[in-house]
Amino acid sequence: MPELPEAETIARGLDHLARGRRLLKARVLTAGICERRVKFPVGARVRGASRRAKKVLLTFEGGATLLISLGMTGQVLRRDGNGLPAHTHLILTFDRGLELLYVDPRRLGRLEPARVATTMLAPAEEVAVWCDGRFGAEPLDTTWPEFKRLVGGRRKVFKQLFLDQRPIAGLGNIYADEVLFRAGVYPKARPADLNDEELKRVWREMRAVLRQAIRACGTTFRDYRTATGAAGGFVTRLYVYGREGDPCRRCGKPIVRLNWPTGRSTHYCPTCQPER
DNA sequence: AAGATTACCTGAAGGC
DNA sequence: TGCCTTCAGGTAATCT
């Protein structure tokens with residue numbers, strides 16, 4: 001499930017593969033995967049690939065920027081051989097023989113155009129401007145005072161605060177659970193009820209978990225792959241996600257899984273993350 | 001108005 | 001064996 005580390009890994013792979021390549025052709029196989037307004041900049045060279053929150057951005061010279069929202073099962077893969085993987089929805093053909101595929105079994109992902117003219121902006125600025133109002137702070141760029149300002153005092157429970165992309169953007173179900181375990185914070189704790197020391201642990205672990213997961217090229221449970229088709233290695237480093245009933249790596253007691261919030265799940269250790 | 005719930009999607013897995 | 005139900009969870013829309 002692509003969250004921030006998976007999107008970052010895909011963006012880095014994409015940047016490596018496609019930077020400087022000229023787009024020759026875009027073939028949409030599944031109309032529903034693209035927003036109507038998407039106009040592929042055929043003829044333009046790729047300036048680079050980057051990431052904001054869980055989104056991958058492919059920026060072209062001339063300012064066109066394609067936003068790739070990966071949903072649950074979206075993959076960006078380099079085509080190898082003549083056949084196409086099942087659920088291929090888009091083929092981007094570049095010069096010098098590169099073809100990139102958007103593959104997404106569940107079709108929850110979307111391709112969108114950028115919202116602002118980007119020609120005059122450097123890539124980092126462009127990404128920040130484009131996304132403002134839609135996504136909150138980048139976790140890895142957030143200092144402790146900023147984190148305290150964004151999160152401290154809020155009444156919304158921590159797990160749901162992390163799933164809401166408006167305050168801080170990039171964590172999903174897996175990393176939210178991992179961060180809260182490593183900080184020793186109960187998932188239903190409210191930031192307003194925590195002291196500075198506890199809040200600071202959440203801030204520190206948020207950044208540590210994401211950095212470590214990026215280093216491991218993300219977490220592959222089933223569908224997620226890097227741009228070169230490799231699986232992410234962080235799954236062996238998870239403390240709680242997907243470990244229901246298994247012994248806690250800190251205290252040995254069984255990891256608990258809640259069917260909460262509605263329609264999803266939360267994993268935690270009742271001993272290491274006491275309700276208080 | 002914020003918080004909660006549902007729709008979108010398909011493959012895998014489990015129950016009978 | 002095979003059919004049916006449930007689950008996975010990112011995001012936006014809808015409801016309360």
Side-chain angles (χ1 to χ4, degrees), chain A residues 1-11 28-38 51-57 67-76 84-90 102-113 115 130-136 138-139 150-151 153-180 187-193 210 213 218-225 231-232 234-235 238 240-245 255-268:
Chain A
M1 303 105 205
E3 303 179 24
L4 185 152
E6 292 76 31
E8 176 70 27
T9 302
I10 289 169
V28 177
L29 307 180
T30 308
I33 219 75
C34 291
E35 301 266 323
R36 244 173 237 289
R37 297 171 299 137
V38 171
R51 175 198 61 78
R52 170 72 168 117
K54 304 172 189 175
K55 315 292 185 184
V56 173
L57 293 140
L67 173 93
I68 305 171
S69 180
L70 297 157
M72 286 292 300
T73 54
Q75 305 172 24
V76 181
L84 285 175
H87 310 294
T88 300
H89 306 301
L90 171 71
Y102 181 70
V103 178
D104 186 357
R106 288 179 59 184
R107 280 195 262 160
L108 292 176
R110 287 291 177 271
L111 296 155
E112 306 171 36
R115 288 181 176 177
W130 183 79
C131 291
D132 275 354
R134 192 167 167 193
F135 303 114
E138 276 293 322
L150 289 167
V151 167
R154 298 188 65 139
R155 301 292 308 161
K156 193 171 193 163
V157 299
F158 240 123
K159 173 68 184 272
Q160 297 202 279
L161 201 60
F162 274 143
L163 294 180
D164 183 347
Q165 301 299 292
R166 289 169 296 186
I168 294 173
L171 282 80
N173 214 37
I174 296 175
Y175 295 106
D177 285 2
E178 292 300 309
V179 168
L180 293 171
K188 293 184 183 179
R190 299 169 197 280
D193 298 332
L210 295 175
T219 302
T220 294
F221 246 76
R222 181 169 302 156
D223 300 282
Y224 160 73
R225 291 290 182 278
F234 199 70
V235 70
L238 299 176
V240 288
Y241 185 86
R243 299 194 67 245
E244 180 186 16
I255 299 301
V256 170
R257 180 180 137 175
L258 304 175
N259 285 318
W260 172 87
T262 315
R264 48 196 63 191
S265 61
T266 295
H267 310 69
Y268 77 111

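Here the structure is a predicted model, which is why all the values come from computation and not from measurement.
- Residue-level contact check: A/Arg264 touches the bases, meaning some heavy atom is under 4.0 Å from a base atom.
- Rounded to whole angstrom, the span from the CG atom of A/Leu108 across to the P atom of B/dA7 amounts to 14 Å.
- Nucleotides B/dT5 and C/dC7 are separated by 16 Å at their P atoms, to the nearest Å.
- Residue A/Glu244 contributes atom CD, which lies 12 Å from atom P of C/dC7 at whole-angstrom precision.
- Between C/dT6 and B/dT6, the distance separating the two P atoms is 14 Å to the nearest Å.
- Among the heavy atoms of the strands lying under 4.0 Å from A/Ser265 are primed sugar atoms or P, OP1, OP2 only; no base atom is included.
- Contact of A/Arg106 with B/dC9 (side chain to base): a donor-acceptor pair of N or O atoms is detected under 3.5 Å.
- Phosphate proximity of B/dA4 to A/Gln160: present, with a side-chain N or O under 4.0 Å from OP1 or OP2.
- For the pair A/Lys55 and C/dT11, the criterion of a side-chain N or O lying under 4.0 Å from OP1 or OP2 is met.
- The phosphate of B/dG11 has OP1 or OP2 within less than 4.0 Å of a side-chain N or O from A/His87.
- For the P atoms, the distance linking B/dA12 with C/dT11 amounts to 23 Å, nearest Å.
- Residue-level contact check: A/Gly263 touches the bases, meaning some heavy atom is under 4.0 Å from a base atom.
- Considering only the side chain of A/Thr262, B/dT5 comes nearest among B/dT5, B/dC8, B/dT10.
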